[in-house]
Amino acid sequence: MKARGKRAAAALLALALLCLCACGGNAPEAAPAETPAPEPESTPDPTPCAHPRYVDGVCTVCGYACPHDWAGGVCKLCGNVCPHPEHDERTHLCACCGEYAAHRYRDGRCLRCGAVPPFCTGTLPEAYFAPSPEQGSIETIDFRSAEDPADKKARKKAALVYLPCGYDAADGERRYNVVIALHGAGGDEHGMMDKVHIPNGGDGTCFRLIYDRMLYEKLCEPFILVSVNVYSLVEENSFTGYGEKNLAGRLRTLILPYVAGHYNTYAADPSEEAIRAARAHFGLIGLSNGALYALSAGFADNFELFGNYACFSGNYPETAEAVIARLGAPDAAELPVYCFITGAGTTDFQRENTEKRFDLIADACGGIVRGENAFHVDVEGTHNWKTWGTESYNALLVMFQNWN
Ligand SMILES: [Zn+2]
Ligand SMILES: [Zn+2]
Ligand SMILES: [Zn+2]
Ligand SMILES: [Zn+2]
């Protein structure tokens with residue numbers, strides 16, 4: 001796979017022979033017009049060649065195209081990793097290797113099946129309110145000690161970290177997308193993690209059950225989700241619209257470096273440069289007042305570090321203006337928005353606000369295109385956790401999809 005220099009020669013050789021490879025190979029699709037198309041049965045195998053080495057599924061000695069014998073998405077014969085070029089829209093099974101492959105959306109459609117994102121606009125299926133057969137784990141971290149261990153007076157800067165099932169800290173090769181979750185007024189770090197929301201129309205919504213089920217169903221790539229205590233980071237007694245500069249600074253200098261330094265993220269190291277280079281793999285989800293902070297402290301103030309934004313049930317004129325101003329800055333052209341999704345409950349007092357400002361931002365910014373990297377999806381319900389559980393499900397379907 002690494003010996004690119006031989007790739008072109010091997011491909012040319014494969015042209016004269018047969019390529020049985022149905023996927024993943026780089027073999028030409030058709031022979032030149034003057035050359036009769038080779039018959040599939042003419043593949044000389046077994047041949048005198050033992051096929052000692054394959055590059056991209058083609059034997060470097062004789063040009064034999066590996067017929068591929070897949071096991072777990074890897075060919076037992078040539079070692080090729082299946083890119084899952086097509087899959088069944090419902091079962092998600094790869095047409096090539098038979099393995100489960102999640103939807104991969106780009107420009108609003110799945111590259112593997114053409115489906116549009118299956119947003120939920122009502123109530124999530126019952127399975128999302130119960131434990132999944134496979135469950136992630138939750139760790140608690142105290143950012144206060146990371147920031148200043150001697151500062152005993154500082155408010156506890158707690159965060160909960162969701163690690164997906166199968167996460168192996170020792171496996172540095174495997175990389176994970178990172179979501180920073182910002183709760184709303186009156187909430188804390190448990191709200192978008194392990195708290196079961198029953199009163200006030202929560203209907204038993206528990207976010208970690210949603211994360212577990214989505215990953216069990218392989219609806220998105222595995223992610224690390226960090227639910228922070230927003231109060232402790234804004235350091236203001238009042239919540240709405242205050243302390244966003246404190247939060248923006250702490251996201252940049254405390255939270256993101258800590259996460260990049262302690263978990264297997266796409267950032268090569270905890271430096272700002274490394275996080276910026278991996279911003280396609282960093283996202284924010286905020287709800288209610290947390291949405292205002294995701295827009296102000298995230299989208300407007302840390303646009304270099306986050307490429308994905310989900311903002312539910314909240315958007316004020318100032319936050320929309322700040323985002324539009326940031327996206328109008330000269331360097332914004334090199335900083336793609338990979339995902340911008342907003343939404344609210346259909347009877348949510350913030351519904352109109354949220355959609356109106358989504359439209360303002362989408363209309364003003366060329367890099368934000370409805371149906372491609374930007375979505376506004378309302379959910380049946382009001383300003384409560386059940387709505388936000390469904391909205392978070394919708395966001396996780398389409399975040400982190402447009403990387404190359
Ligand atoms: Zn060979
Ligand atoms: Zn093979
Ligand atoms: Zn496959
Ligand atoms: Zn698909």
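Here the structure is a predicted model, which is why all the values come from computation and not from measurement. We count ligands from 1, going down the list as the structure has it; atoms in each ligand are counted the same way. Computed from heavy atoms alone, side chains included, the values below leave out hydrogens, waters and symmetry copies.
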Degrees at the Zn ion (ligand 1) between the SG atom of Cys49 and the SG atom of Cys59, nearest 10°: 120°
Aromatic plane relationship, Tyr211 with Phe223 - under 30° parallel, 30 to 60° tilted, over 60° perpendicular: perpendicular
Shortest non-hydrogen contact from Met193 toward Ile138: CG-CD1, 3.7 Å
The Zn ion (ligand 4) reached by His92 (N, O or S, under 2.8 Å): no
Apex the Zn ion (ligand 4) - arms SG from Cys113 and SG from Cys110 - angle rounded to 10°: 110°
From Phe358, Phe306, Phe303, Tyr309, residue fulfilling ring-ring contact (aromatic ring centres under 6.0 Å, His included) relative to Phe340: Phe358
Atom name, His51 (N, O or S, nearest to the Zn ion (ligand 1)): ND1
The Zn ion (ligand 2) - closest N/O/S atom in His68: ND1
Parallel, tilted or perpendicular, as decided by the 30° and 60° cut-offs, for the rings of Trp70 and His68: tilted
Ring-ring centroid check Tyr263 Tyr176, cutoff 6.0 Å: no
Three-point angle Cys78:SG, the Zn ion (ligand 2), Cys75:SG, rounded to the nearest 10°: 110°
